[in-house]
K.L.:
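Here it is, the structure in full.
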Amino acid sequence: MSITIIVEGKNDRSRLRRLLAPEIDIQCTFGTLNTLKLEALRRKVGDGEVYLYMDNDSSGKKIRGILRDAFPDAVHIYTRKGYAGVEGTPDEYSITQLEKAGLEEFIIYPQPLPHMEP
């Protein structure tokens, strides 16, 4: 089954792309959603699983509301208030949220920094 994460913009997508395996599809709303854009998204997603990861601001909440209606079975992933949207969310926090959403098998964990002896 295919998995799609829907985000608002291309910067959000590129930020998440680094953290997720290539088989995860990441689609952008590019801001406002109209009927044509929603239909195009529905076609791209098909019968797959949908995850919504929007900014925690007024426009993100508005878009999340529209997508909640379009994809009632979607899993919601949230960033914390105070972060500059999904693209400004620290990788560690996004990874924690992706794990909570059950996507750990698709996460590309950053390599730990080598330990330097003094």
Side-chain angles (χ1 to χ4, degrees):
M1 175 172 287
S2 67
I3 296 174
T4 302
I5 298 178
I6 302 175
V7 296
E8 291 178 67
K10 61 183 189 296
N11 292 337
D12 299 334
R13 180 173 51 200
S14 62
R15 184 77 188 238
L16 273 185
R17 184 78 282 154
R18 299 184 328 215
L19 301 176
L20 291 164
E23 60 262 31
I24 300 291
D25 184 30
I26 303 173
Q27 293 292 326
C28 300
T29 64
F30 299 113
T32 57
L33 281 167
N34 58 31
T35 309
L36 282 174
K37 279 187 183 177
L38 269 176
E39 283 308 312
L41 263 177
R42 271 204 197 101
R43 276 194 305 280
K44 286 178 186 169
V45 169
D47 296 340
E49 290 180 38
V50 178
Y51 294 78
L52 305 178
Y53 195 10
M54 311 288 125
D55 296 351
N56 194 356
D57 60 12
S58 60
S59 72
K61 288 175 182 172
K62 184 178 176 184
I63 291 168
R64 185 185 293 276
I66 293 167
L67 291 171
R68 181 184 292 123
D69 293 341
F71 301 100
D73 296 331
V75 175
H76 294 264
I77 302 172
Y78 295 91
T79 186
R80 186 178 280 164
K81 245 189 184 11
Y83 290 150
V86 172
E87 71 180 276
T89 299
D91 288 350
E92 303 76 39
Y93 190 82
S94 280
I95 287 170
T96 301
Q97 297 308 104
L98 293 165
E99 288 171 340
K100 282 183 187 174
L103 294 170
E104 52 279 312
E105 70 182 281
F106 302 104
I107 296 171
I108 299 169
Y109 291 92
Q111 293 299 312
L113 295 172
H115 180 68
M116 303 297 283
E117 291 295 325

K.L.:
Do Tyr53 and Leu16 have side chains that approach each other closer than 4.5 Å (heavy atoms only, starting at C-beta)?
P.N.:
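Result yes, sub-4.5 Å side-chain heavy-atom pair found.
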K.L.:
Would you say the side chain of Leu52 lies within less than 4.5 Å of the side chain of Ile77, judging by non-hydrogen atoms?
P.N.:
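No - every pair of side-chain heavy atoms lies 4.5 Å or more apart.
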K.L.:
Is the backbone N or O of Tyr78 less than 3.5 Å from a side-chain atom of Gln97, with the two atoms forming a donor-acceptor pair by type?
P.N.:
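A pair under 3.5 Å: yes.
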K.L.:
With rounding to the nearest 0.5 angstrom, report the NZ to CD1 distance, Lys10 to Ile26.
P.N.:
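Those atoms lie 15.0 Å apart.
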K.L.:
State, to 0.1 Å, how close Glu99 and Ile107 come at their nearest heavy-atom pair, and which atoms those are.
P.N.:
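Heavy-atom minimum between the residues: CG-CD1, 3.6 Å.
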K.L.:
I need the minimum non-hydrogen distance between Ser14 and Asn11, along with the two atoms involved.
P.N.:
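Here Ser14 and Asn11 meet closest at OG-O, 3.1 Å.
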K.L.:
Mind checking whether Ile108 and Leu19 have side chains closer than 4.5 Å, heavy atoms only?
P.N.:
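No, too far: nothing below the 4.5 Å cut-off.
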K.L.:
Is the closest side-chain heavy-atom distance between Glu8 and Phe30 below 4.5 Å?
P.N.:
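No, their side chains stay 4.5 Å or more apart.
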K.L.:
Applying a strict under-4.5 Å side-chain criterion to I, L, V, M, F, W and Y, I'd like to know whether Leu41 and Ile5 cluster together.
P.N.:
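Each belongs to a different hydrophobic cluster.
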K.L.:
Please assess Leu103 against Ile3 for the test side-chain contact (heavy atoms from CB on, under 4.5 Å), listing each intermediate value before the final yes or no.
P.N.:
CA-CA 10 Å; Leu103 294 170; Ile3 296 174; 4.1 Å; yes
K.L.:
For a quick test of reading the model, state the closest non-hydrogen atom pair linking Tyr83 to Gly88 and the distance between them.
P.N.:
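Taking every non-hydrogen atom into account, CB-O, 4.1 Å.
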K.L.:
To the nearest 0.5 angstrom, please state how far the CG atom of Asn34 sits from the CD atom of Glu39.
P.N.:
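The distance works out to 10.5 Å.
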K.L.:
In terms of hydrophobic clustering (I, L, V, M, F, W, Y; side-chain heavy atoms under 4.5 Å; direct or indirect links), are Tyr109 and Ile24 co-clustered?
P.N.:
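Yes; Ile24 is reachable from Tyr109 via cluster members.
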K.L.:
Salt bridge check: are Arg18 and Asp91 linked by an N-O gap of less than 4.0 Å?
P.N.:
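Salt bridge flag = yes for Asp91 with Arg18.
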K.L.:
For the atom pair CG (Asp47) and CD (Glu49), what is the distance rounded to the nearest 0.5 Å?
P.N.:
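It comes to 11.5 Å.
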K.L.:
How long is the straight-line distance from NZ of Lys44 back to CD1 of Ile6, given to the nearest 0.5 Å?
P.N.:
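Separation between the atoms: 10.0 Å.
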K.L.:
Shortest non-hydrogen contact from Asp25 to Gln27?
P.N.:
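Asp25 and Gln27 have their closest heavy atoms at OD2-NE2, 3.0 Å.
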K.L.:
Is Arg17 reaching over with its side chain to a backbone N or O of Ala21, donor-acceptor style, under 3.5 angstrom?
P.N.:
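Indeed, once roles are kept as given, a pair shorter than 3.5 Å links the two residues.
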K.L.:
Test side-chain contact (heavy atoms from CB on, under 4.5 Å) on Val50 and Val75 and set out the steps.
P.N.:
CA-CA 6 Å; Val50 178; Val75 175; over 6 Å; no
K.L.:
When you measure from the side chain of Asp12 to the backbone of Val7, do you find a donor-acceptor pair of N or O atoms at a distance under 3.5 Å?
P.N.:
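Side chain of Asp12 to backbone of Val7, a donor-acceptor pair under 3.5 Å: no, none is there.
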K.L.:
Can you establish whether the number of heavy atoms outside Lys62 located under 6.0 Å from its atom NZ is more than 12?
P.N.:
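Counting neighbours around NZ of Lys62, 12 or fewer heavy atoms of other residues, nucleotides or ligands fall under 6.0 Å, so no.
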K.L.:
Could you tell me the separation between the CZ atom of Arg64 and the OG atom of Ser59, rounded to the nearest 0.5 Å?
P.N.:
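Reported value, rounded in 0.5 Å steps: 11.5 Å.
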K.L.:
Short question: side chain of Asp55, backbone of Val86 - any donor-acceptor pair under 3.5 Å?
P.N.:
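It does hold such a pair.
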K.L.:
Does any non-hydrogen side-chain atom of Arg13 lie less than 4.5 Å from one of Glu87?
P.N.:
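Heavy-atom side-chain distance check fails, nothing below 4.5 Å.
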K.L.:
Taking atom types as modelled and ignoring hydrogens, do the side chains of Thr89 and Ser94 form a donor-acceptor contact shorter than 3.5 angstrom?
P.N.:
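Judged by distance alone, the side chains do not pair up.
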K.L.:
When rounded to the nearest 0.5 angstrom, what distance separates OG1 in Thr79 from CG in Asn56?
P.N.:
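If I round to the nearest 0.5 Å, the distance is 7.0 Å.
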K.L.:
Please check if Leu98 and Phe106 belong to a single hydrophobic cluster, counting links between Ile, Leu, Val, Met, Phe, Trp and Tyr side chain heavy atoms closer than 4.5 Å.
P.N.:
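In one cluster: yes.
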K.L.:
Check the pair Tyr51, Thr4 against side-chain contact (heavy atoms from CB on, under 4.5 Å), reporting the backbone distance first and the verdict last.
P.N.:
CA-CA 6 Å; Tyr51 294 78; Thr4 302; over 6 Å; no
K.L.:
Taking the side chain as every heavy atom from C-beta outward, state whether Lys61 and Met54 have any atom pair closer than 4.5 Å.
P.N.:
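A side-chain contact is absent here, since even the closest heavy-atom pair is not under 4.5 Å.
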K.L.:
Closest approach of Val45 and Ser2, non-hydrogen atoms and distance?
P.N.:
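Looks like O-OG, 3.9 Å.
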